[in-house]
J.: 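To start, I am sharing the structure in question, which I have written as structure tokens.
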4 protein chains.
Amino acid sequence: MVRYKKSEEKQKMILYAAFQAVSELGFDSVTLQVIADYAKVSKGVVHYYFESKETVLIELLKWLTAKIYKKECASIELEKSAVKKLHAYISSAFVSPEKNRTFYRVYLDFLAKASRNPVYREINQQFYDNCNAIGKEIIQLGQKEGIFDINLSAEQTAPKIRAVIDGYLIQWLMMDRDDLHKFYREACLQTVISMLNNSSFFELRK
Amino acid sequence: MVRYKKSEEKQKMILYAAFQAVSELGFDSVTLQVIADYAKVSKGVVHYYFESKETVLIELLKWLTAKIYKKECASIELEKSAVKKLHAYISSAFVSPEKNRTFYRVYLDFLAKASRNPVYREINQQFYDNCNAIGKEIIQLGQKEGIFDINLSAEQTAPKIRAVIDGYLIQWLMMDRDDLHKFYREACLQTVISMLNNSSFFELRK
Amino acid sequence: MVRYKKSEEKQKMILYAAFQAVSELGFDSVTLQVIADYAKVSKGVVHYYFESKETVLIELLKWLTAKIYKKECASIELEKSAVKKLHAYISSAFVSPEKNRTFYRVYLDFLAKASRNPVYREINQQFYDNCNAIGKEIIQLGQKEGIFDINLSAEQTAPKIRAVIDGYLIQWLMMDRDDLHKFYREACLQTVISMLNNSSFFELRK
Amino acid sequence: MVRYKKSEEKQKMILYAAFQAVSELGFDSVTLQVIADYAKVSKGVVHYYFESKETVLIELLKWLTAKIYKKECASIELEKSAVKKLHAYISSAFVSPEKNRTFYRVYLDFLAKASRNPVYREINQQFYDNCNAIGKEIIQLGQKEGIFDINLSAEQTAPKIRAVIDGYLIQWLMMDRDDLHKFYREACLQTVISMLNNSSFFELRK
DNA sequence: GATGAATGAGTCTTCATTCAT
DNA sequence: GATGAATGAAGACTCATTCAT
């Protein structure tokens, strides 16, 4: 069957509607009817553009992680120094309470699914890989600049940055306090920087 | 009363069955029939002990987080120094690939729900508070011992420890590689220690 | 899952309701809701007793063909001579306009399905085999009695009897004229008898 | 008009596509999309040439039975004697395993529908009438030739020929064995001949 | 003439919940 | 206390039909 042919635009529209719907209601509670309602189309249209509900969700997550990654890329590209790039990266991750809430709600549903389903895990792995590429770039630049510990393996350290970002953002989401968003962003930045600066210190004192 | 006791035991049994079931299948896919099957009781029994499916899940998460917390408490109590307590705490959090997988799958489902539902959020907050109490105790002890940065607010820093632990464990879960479990535990420990040691450094260089 | 345990009676009731429903509306138009309505139970009950709609239909056809066969068996057992048994067999097949209509409508749906689906074909083959056993018995008895052509292979001739019966009953059904039922029964009987008597004649004149 | 002609051709094409589709999938499973796919046209075209799905099916069956009848007519016209015409008729009915399978699958679906729906029954009646005209012609010729029982009413006997043909072909279809096709054709021929030869015998011995 | 996007009614199926035994 | 039969609401999915282009 020839699908996806013409209106890729409409597909995107449906995905965005699904994103809003999932964010507000959660994976379990989102029905195709709800997605259709959010997209202001009939139920049949969703099926017309996507084979199944599962497909909608999978495409949603591909689209979403790709979008996040692109934004992060764009924001670090504007900066030159490692520290500024790191700032930019983390600021991009902590974009705003509203957007973080919307995204991380969906992302948590996604992670929960990914913990059991290889298809979702694969998509997340792609996201991780992309984020790690960013992390690696920043670490290596910082090492060249002499401000990050030269002994760190960029390869092994990059994932840790993402782990810390996600850890903080998830906790922030759970706190349900928008006013703490800035605090969490700073905390995250601090933790990452201390991680990149001081592993040698840690080794000495261990 | 003996009867009451027996009831309580059976309740626990059902909760444990629900835990296994949710871990394997996820919140969405778990039905009361499945829980009953895991518990080797009839479907009616589950309803006999719990008002509704929702109640089962809520009780499950109360029980689960309480259990995790107790284990963590027990493990740090055995140690005297701050560093050893921290080790014990993190080792307790990174108990084993199998147990971490089982727990964090459920916990992710839980967090996803909690991001929208105040009831679940409340339960998680209790868990966070408990964990933060542990964190605070360790930080303050370390500060007394002179090995942790004295300028850190224990109150504000304790949550960060949990954020880092969860961040690492979630990423580990996504990697689906049991052999990396140890690596993630060490990375987590390093990050936490560098966080506690070096905030002054960070301040200086910023 | 433990199904089919207790109320086999209710299963039969649902099958009978399905039989009536299919006969009146046809396979395509019969929904589980319709079957439930005919059985005067809720829609869920049908699913409780049968895995799927397909299962209902398959069981229906097993049950139906078994029932027809049993009746035919019972009717020929009462007779002693080959001709009388043949009469009984065909009379049993041409039981009454109402019952023939009800059964053959369903049976035609069944045959249509069986022409493409091995599962249904298998069930029909069982029915054919049973009918052929009846035919064989009659033919061999008639040959012993000296009234049927001794040169006929009972094995090869028995299926022909059923083919002729079905051919006539299907045509009768299409005519939609109850008053012709008797005529078709007699025509069927004649054709079968001439088939059993005269193959030698045919050979001679060919 | 050329336009009209083109239309007619396309209609035939769609009907033929529908025929193939129904034969392979059955009435229930055939959708307009499937028919369109088989005909290599868009879904809209089918609706352009036919009012509704039902119309497609009805026209299909008219077209199909007319086609079969024409072929049978053509084949008996080539022969002179009654026996040869009968041979030709039955050979035409038993044209080949492939074609019989294709046709009788559809025809069974058709009969199943006809058993409840007067519209389809009407079309089939037309087919029966046509077939009976052939049968009558053969019988009367045979009676003139002195090889068929002169006491037979051609009017009443002709339908029986078709009943026997259909009975055998349906059973053959159910056996799913192409190698038996020839056997069933011969058996059908024998049965019809014995039917036409020997009714007087039957009367005598009854 | 032809296309295929859009609609929404209708179907199967699942499952939490109720309740008679 | 315990069971599992019964219910029916709700969801995913299909598909004939319509209609703008």
Side-chain angles (χ1 to χ4, degrees), chain A residues 1-7 9-11 14 28-36 39-57, chain B residues 3-4 6-7 10 28-36 39 41-57, chain C residues 1-7 10-11 14 28-36 39-57, chain D residues 3 6-7 10 28-36 39 41-57:
Chain A
M1 252 177 286
V2 188
R3 271 176 174 160
Y4 307 109
K5 223 179 182 173
K6 256 199 171 163
S7 30
E9 222 175 291
K10 194 148 221 170
Q11 254 206 8
I14 293 170
D28 325 11
S29 304
V30 162
T31 68
L32 289 181
Q33 184 63 67
V34 167
I35 294 174
K40 292 183 181 173
V41 295
S42 79
K43 195 171 32 151
V45 170
V46 183
H47 266 105
Y48 188 79
Y49 285 92
F50 298 92
E51 236 176 48
S52 68
K53 187 187 181 183
E54 186 75 3
T55 311
V56 180
L57 296 180
Chain B
R3 222 170 264 281
Y4 181 76
K6 209 175 167 187
S7 267
K10 200 151 207 172
D28 331 9
S29 303
V30 162
T31 68
L32 288 184
Q33 183 62 67
V34 168
I35 293 174
V41 296
S42 81
K43 196 168 36 149
V45 171
V46 181
H47 258 102
Y48 189 80
Y49 286 95
F50 298 91
E51 217 180 79
S52 68
K53 188 188 180 183
E54 188 73 4
T55 313
V56 179
L57 296 180
Chain C
M1 254 176 285
V2 188
R3 271 174 174 160
Y4 307 110
K5 224 178 181 174
K6 257 198 170 164
S7 31
K10 193 150 220 168
Q11 255 208 5
I14 293 169
D28 325 11
S29 304
V30 162
T31 68
L32 288 182
Q33 184 62 68
V34 167
I35 294 174
K40 292 183 181 171
V41 295
S42 79
K43 197 171 29 155
V45 170
V46 182
H47 265 105
Y48 190 79
Y49 286 93
F50 298 92
E51 237 176 46
S52 67
K53 186 187 181 184
E54 186 75 4
T55 312
V56 179
L57 296 180
Chain D
R3 221 168 263 282
K6 209 175 166 187
S7 266
K10 200 151 207 170
D28 330 9
S29 303
V30 163
T31 68
L32 287 184
Q33 183 63 67
V34 168
I35 294 173
V41 296
S42 80
K43 197 171 32 151
V45 171
V46 181
H47 258 101
Y48 189 80
Y49 286 95
F50 298 91
E51 216 180 80
S52 69
K53 188 187 181 185
E54 188 73 4
T55 313
V56 179
L57 296 181

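Computed from a prediction, not measured in an experiment: that's the story for all the values here. Reminder, nothing fancy here: chain letters follow the sequence lines and each chain counts from 1.
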J.: If the cut-off is 4.0 Å, is D/Tyr49 near the phosphate of E/dA2, judged by side-chain N/O to OP1 or OP2?
T.: yes

J.: After noting the C-alpha distance and the side-chain angles of D/Lys10 and D/Val41, does the key distance pass the side-chain contact (heavy atoms from CB on, under 4.5 Å) rule?
T.: CA-CA 10 Å; D/Lys10 200 151 207 170; D/Val41 296; 4.1 Å; yes

J.: Would you mind building the protein contact string for nucleotides 15-21 of chain F? One character per nucleotide, 5' to 3', B for base within reach (heavy atoms under 4.0 Å), S for sugar-phosphate only, - for untouched.
T.: SSBB---

J.: Rounding to an integer number of Å, can you tell me how far C/Gln11 CD sits from F/dA6 C1'?
T.: 15 Å

J.: What distance do C/Asp28 atom CG and D/Ser29 atom OG have between them, rounded to the nearest 0.5 Å?
T.: 9.0 Å

J.: First locate atom OG of A/Ser52, then atom CG of A/Leu32, and finally report the distance between them rounded to the nearest 0.5 Å.
T.: 8.5 Å

J.: Would you check if C/Lys43 and C/Ile35 make a side-chain contact, meaning some heavy-atom pair closer than 4.5 Å?
T.: no

J.: Reading DNA chain E 5' to 3', how would its secondary structure be written in dot-bracket notation, given Watson-Crick and G-U pairs with both distances under 3.5 Å, brackets [ ] for crossing pairs and | for partners on other strands?
T.: .||||||||||||||||||||

J.: In this structure, how many angstroms lie between the P atom of E/dT7 and the NZ atom of A/Lys40, rounded?
T.: 13 Å

J.: What is the distance, to the nearest angstrom, from the CD1 atom on B/Ile35 to the C1' atom on F/dG4?
T.: 17 Å

J.: Who are the side chain to side chain contact (heavy atoms under 4.5 Å, CB included) partners of D/Glu51, not counting sequence neighbours?
T.: D/Thr55

J.: Kindly point out which of F/dA2, F/dG8, E/dG8 is positioned nearest to the side chain of A/Ser42?
T.: E/dG8

J.: Can a side chain N or O of D/Lys10 be found less than 4.0 Å away from OP1 or OP2 on E/dG1?
T.: no

J.: Which value, in whole Å, describes the distance between the C1' atoms of nucleotides E/dG1 and F/dT21?
T.: 13 Å

J.: Return the value, rounded to whole Å, for the distance between atom OH of B/Tyr48 and atom P of F/dG1.
T.: 5 Å

